[in-house]
Each structure stands twice: as structure tokens, then as C-alpha cells.
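Below is one structure, written out as C-alpha cells, with a few remarks after it.
When reading the values below, keep in mind they use all heavy atoms of this one structure, side chains included, and skip hydrogens, waters and symmetry mates. Here is how names work: the chains are called A, B, and so on, in the same order as the sequence lines, proteins then strands, and each is numbered from 1.
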Amino acid sequence: MVRDYCHGRFYRGLLVYGLGGVFEMSLSSPLSRVLGSGSAKEGTDHWWMQRVTAVGLLILGLWFLISIAALESFAHDDMHAWVREPMNALMLLLAGLTIAWHSALGVQVVIEDYVRGPALKVVSIILNKFVHLFLGAAAVFAVLKVALGAPL
Amino acid sequence: MNTEGRPLSPHLTIYRWPITMTLSILHRMTGVALSIGLIAFVIWLEAIAFDAVPYDSVKAFMDSLPGQVMLFGWCLSFFFHLSNGVRHLIWDSGRLFEKSQANASSWFVIIATVVFTAAYWFMV
């Protein structure tokens, strides 16, 4: 949790780090400095994509809730017809993928914080990726089947 | 090396529990709840798309009391996670870091969550 509160200094940190690269001698190559990856080789990618998907979900999540609230019937054929609308199908595809991505990133942090032991931790993190990939693919598959298939 | 009995720096339990800590753990808990909600979301999509997952059974469960409690929980979790997520994005821009601001924004998030959830739940 502590890490969450440190990220606010990211931009200032980036500035200081950038200037440091200009004024200080460093043994790392200019490429590795600009990539900012450090020894973890991952850099800020996890953190950054969590933010990007969060902003995406702000839009997609509110779209979903408002659209669902506007529906008059939740009967099977009405829902099928609703998902079949191209704009709804497109937004549902984006929503399914973005939720799965954001959720994968979030649950990974929870695993990293609470799962003890390196072996169990690595297995849990890989399993987490598989489960989320499966859920994202399943959502895409279902929406595509409805959108590209025949009306009910 | 003996690591027992060493002095420790003051830990969580020594502080009066601040509201910011409640929000911090709630952000994580609602996130996990919403991840479980993702499974329900996918089952719902599969039920719409495929006959193998009976849509009427899924709908019947969601209309039942346990189903409604779960939906309300996800609704509450969504609005909390969204409101507090925006708070995190503001922090990422380097703003609202003062203790008084963090406390005030905590209450703002709680009020926003209650208002949004109530408005949405009774609107549908």
C-alpha cells in the first residue's frame, strides 16, 4: 500500500532524474537511463498501464452502468438484441478487455503483497495472468458471437 | 543471524486509526470484489451468447435476494473504487498531499460513493 502513495512523486522524480542525467556522470548507458527500467527491467509499465486502464474504465464503466439503467427489459432476446447493436458490441469488447487488464494488474499487486514464499508467489502471479486472459478472451468471444451471429 | 527480539520502528498499531487508512484498504477490498464481479460479468455475457449457459437461471439468481445483495455490493464497490481512483489520479499529478487535504478528500470520496450508489440503485 505504501507504494501507492509514493507514485505521486513520479513526475517530479522523473524531472530530477532527467536533469541528473545531464549534470552527473553515470555509468549506465543513455538508452538504459531514458528507459528508466533499472534492474527489474520493467520500469513503470505496470504502474502506468494501471492508470491508463483506470481512465479507460472511468468512461467504459459509466457507459455500461448508464446503458444498463436505460434498458427496459432484461429478457434474453432483448439483451441479445442489445449486445448485437454495433456500438454496444464495440463498447462491451473494450470494456471486457480493459476490465480484465486492469483487474489483472490490481490482483497482481495484492498477490505480491500478501502471498508468502517466492515459489507460491510466482505461480500465483502466472495463474493470475492466465485467469484474466481467459476471462478477457471469453468476454470477447461471447460479444463477437452475438454481434456477428444471427439475430435470436 | 538472530532476527528475533530486535527493536522495531513504530508500526500501524501504534497510531490512532486515520480515515485515510480505511479508504486505502477499502480501495483494495473493493478492487478484489470487482475482480470477482468480472467473473459474473463474463458468465452473464456467455449466457447471452451461448445456449449452454442458461440465461434464465442466471437472471433468476440475479433477481433473487442473494443476487441482489451481490449486485448492490458490486454497485457500491464500483462507485467507491471509481471515486477513490480519481483521488489516486489527482495524487499522481502531485496534488492534495497535505494531511488535511487527504482527510478531507477521504470524506469527499465517502460522500460521493453513498450519493452515487443511492442515486443509481434507486434510479434503476
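Comparing A:Val107, A:Val110, A:Val83, A:Val131 by how many heavy-atom pairs each has under 4.5 Å with chain B, the most go to A:Val110. For chain B, the option among A:Ala69, A:Ala70, A:Ala147 with the highest count of heavy-atom pairs below 4.5 Å is A:Ala69.
Grouping the Ile, Leu, Val, Met, Phe, Trp and Tyr side chains by contacts below 4.5 angstrom, directly or via other members, places A:Leu97 with B:Ile39. By the rule that hydrophobic residues join a cluster once side-chain heavy atoms approach within less than 4.5 Å of another member, A:Ile59 and A:Ile68 end up as members of separate clusters. Linking ILVMFWY residues whenever their side-chain heavy atoms come closer than 4.5 Å, directly or via other members, places A:Val146 and A:Leu71 in the same cluster. Each of B:Leu23 and B:Phe108 belongs to its own hydrophobic cluster when Ile, Leu, Val, Met, Phe, Trp and Tyr are linked at side-chain heavy-atom distances under 4.5 angstrom. In the hydrophobic clustering of this structure, B:Trp74 groups with B:Phe122; members are Ile, Leu, Val, Met, Phe, Trp, Tyr whose side-chain heavy atoms approach within less than 4.5 Å, directly or through other members.
A cation-pi arrangement is found for A:Lys145 relative to B:Phe50, the charged atom lying closer than 6.0 Å to the ring centre and inside a 45° cone about the ring normal.
The heavy-atom pair separating B:Glu46 from A:Ala142 by the smallest distance is OE2-CB, 3.5 Å. When all heavy atoms are compared, the tightest approach of B:Ile48 to A:His80 is O-CD2, 3.4 Å. Between B:Val42 and A:Leu135, the shortest heavy-atom distance links the atoms CG2-O, 3.6 Å. When every heavy atom of A:Leu65 is checked against every heavy atom of B:Phe79, the shortest pair comes out as CD1-CZ, 3.6 Å.
Annotation for A:Met49: atom CE counts as buried by contact number, over 12 foreign heavy atoms lying within 6.0 Å. The number of heavy atoms from other shown groups lying within 6.0 Å of CE (B:Met123) is above 12. Counted within 6.0 Å of CH2 on B:Trp44, heavy atoms from surrounding residues, nucleotides or ligands total more than 12; the atom is thus considered enclosed.
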_One pair to check against ring-ring contact (aromatic ring centres under 6.0 Å, His included): B:Phe78 and A:Phe64. What are the steps and the verdict?_
CA-CA 12 Å; B:Phe78 175 82; A:Phe64 181 71; 8.8 Å; no
_side chain to side chain contact (heavy atoms under 4.5 Å, CB included) between B:Tyr55 and A:Phe74, intermediate numbers included_ = CA-CA 10 Å; B:Tyr55 183 86; A:Phe74 294 100; 4.2 Å; yes
_side chain to side chain contact (heavy atoms under 4.5 Å, CB included), that's the test. Do B:Tyr120 and A:Ile66 meet it? Break it down for me._
CA-CA 9 Å; B:Tyr120 188 76; A:Ile66 291 167; 5.6 Å; no
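Residue contact with chain B, scored on non-hydrogen atoms closer than 4.5 Å, involves the backbone of A:Ala75 exclusively. The contact between B:Ala47 and chain A is made entirely by backbone atoms, counting heavy-atom distances below 4.5 Å. Contact annotation for B:Leu45: both backbone and side-chain heavy atoms come within less than 4.5 Å of a heavy atom of chain A. Neither the backbone nor the side chain of A:Leu152 has a heavy atom closer than 4.5 Å to any heavy atom of chain B. When heavy atoms are compared at a cutoff of 4.5 Å, B:Val58 does not approach chain A at all.
In this structure, CG on B:Leu82 lies 5.5 Å from CG on A:Leu62, to the nearest 0.5 angstrom. Remark: B:Leu89 CG to A:Gln50 CD distance equals 10.0 Å, nearest 0.5 Å. Here A:Met79 contributes atom CE and B:Lys59 contributes atom NZ; the two are 10.5 Å apart, rounded to the nearest 0.5 Å.
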